[in-house]
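Protein chains get the first letters and strands the later ones, always in sequence-line order, with residue 1 at the start of each. If you're wondering where the values come from, they're calculated on a predicted model, not measured in any experiment.
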Number of protein chains: 2
Amino acid sequence: MVGARRCFARNGFHATSMQDVLKEVGLSAGAVYRYFSGKDALIEAIADEAFAVLRDAFDEAARQSPPPLPDELLAYVLRKCFAGTGFETEQEFGQLVLQVWGETARNEALGARVFAAVSVMRAGWTAVVKEYQRQGIMPADVEPEYAARTLMGCAMGFIAQQALFGDLEVGQMQQGLRGVMRMEVPNPS
Amino acid sequence: MVGARRCFARNGFHATSMQDVLKEVGLSAGAVYRYFSGKDALIEAIADEAFAVLRDAFDEAARQSPPPLPDELLAYVLRKCFAGTGFETEQEFGQLVLQVWGETARNEALGARVFAAVSVMRAGWTAVVKEYQRQGIMPADVEPEYAARTLMGCAMGFIAQQALFGDLEVGQMQQGLRGVMRMEVPNPS
DNA sequence: CAAAGTAAAACGAACATTCCTTCTTGACAA
DNA sequence: TTGTCAAGAAGGAATGTTCGTTTTACTTTG
């Protein structure tokens, strides 16, 4: 399964042939088809696994009480995503996530599961933002959901950049986000 | 070409057959193969086009003087991406960008071009952040490049969310980012 | 003995691409 | 105005290949 993951991350789900996967994992067709009914099932299993890593990391981070500041929260999530999930490199994980995102457009079942998972994430992070507002850290006139989606977007953008270049460290994005948080906005309109 | 774009956005580059494209654009194989040497050439042309939209929007935004605040800058970029580029919906554009990102992993030539374009974007936005620092808007102890990549990540994350759900408006992310910019950070460490 | 895997062959379906035919256009001569 | 013709453009069936999958008989492992 780890070999199939590497194939899919490297070449995409549909540009990877079963023969590629079989060669990479060193098994015969009979062995793989004993456990997966077909290529689609294999794709779904691997997409599910990859997205579960995302969901769990986001979810766990949002449950911390009191919630750390956004930059720390994001760093926590991203480190959680990239660490101890059996992926060879951070870039490989990012590439696989990109493939999963792309696949949701055409795989309705997968799309529904991704949508459900993201809804949970969004709710959790919205709650975190509300807590910021309760503490007076975040301005009260901001719609919590919008701020939550902005922060999630930051994390997703980090993953995308990691997939594309693989040269970004979590600490760098943390420092960058912290800088944005600490900006002095001239005209509070 | 617009029809091929729609096919690729909907189904991905490799899960879309030439027959799908031919049916969508209403042309025969002979007609298409007169202008594109093959499927790869068609993919590259469409990927280039999509990414050029991104590059131009980022580039143009970064050249504004004096630079607007990040939330306005981001809103400007995203609106520029989504408007008047011949794409049917914002979601469709996002889905195509996702496909292009995923394709860079396996198409070296395309990856090189994307890398070059992003390098330009990054440099421009780093310059913008430095200008913020000169004006005292952004803390001076933040590495400009990190902040620039964080902001780019925000934009990329927005595009990804747009691709996945299509229910996010630019103004919402602008408000969310503005909220983050206006946070009161308790312990300036 | 039984579960799990191997190796190789074979299958139809789907695929990208080619090749030959047909249609369209526009300049030019009668 | 009309007819001719060459060249470009498009059509569409045919081709050879690759793919996912199944099947079969045989081997390893516990």
Summary of protein contacts for nucleotides 25-30 of chain D, nucleotide by nucleotide, where a base hit scores B, a sugar-phosphate-only hit scores S (4.0 Å, heavy atoms): ------
Expected string for nucleotides 10-23 of chain D under the B/S/- scheme (protein heavy atoms, under 4.0 Å, primed atoms plus P, OP1, OP2 as sugar-phosphate) is BBB------SBBB-
Are [X] and [Y] within salt-bridge range, i.e. N to O under 4.0 Å?
X        : Y        : answer
B/Arg10  : B/Glu24  : yes
B/Glu92  : B/Arg6   : no
B/Glu131 : B/Arg134 : yes

Please, which pairs that meet salt bridge (charged side-chain N to carboxylate O under 4.0 Å, His left out) have at least one residue in residues 111-120 of chain B, sequence neighbours excluded?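 Every salt bridge (charged side-chain N to carboxylate O under 4.0 Å, His left out) pair that includes a residue of residues 111-120 of chain B, provided the two are not neighbours, is B/Glu44-B/Arg113, B/Asp48-B/Arg113.
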Inter- and intrachain pairs under salt bridge (charged side-chain N to carboxylate O under 4.0 Å, His left out), touching residues 149-159 of chain A, at least two apart: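 For residues 149-159 of chain A, and leaving out neighbouring residues, the salt bridge (charged side-chain N to carboxylate O under 4.0 Å, His left out) pairs sorted by first residue read A/Arg149-B/Asp167.
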Assess the side chains of A/Glu103 and A/Gln99: does a donor N or O sit below 3.5 Å from an acceptor N or O?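 Checked: A/Glu103/A/Gln99 side chains show no N/O donor-acceptor pair below 3.5 Å.
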Just by distance, no angles: are the side chains of B/Gln174 and A/Tyr146 close enough, under 3.5 Å, to form a donor-acceptor pair?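 No, no side-chain donor-acceptor contact under 3.5 Å.
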Minimum side-chain heavy-atom gap A/Arg182-B/Asp141 below 4.5 Å: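 Side chain of A/Arg182 against side chain of B/Asp141, heavy atoms only: contact under 4.5 Å found.
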Under the ring-ring contact (aromatic ring centres under 6.0 Å, His included) rule, what pairs show up with a residue in residues 100-135 of chain A, not counting sequence neighbours?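 Sorted pair list: A/Phe58-A/Trp125, A/Phe115-B/Phe165.
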Could you tell me from which nucleotide to which nucleotide of DNA chain C, 5' to 3', there is an atom under 4.0 Å from chain A heavy atoms?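 Both ends considered, the range comes out as C/dA4 to C/dT6.
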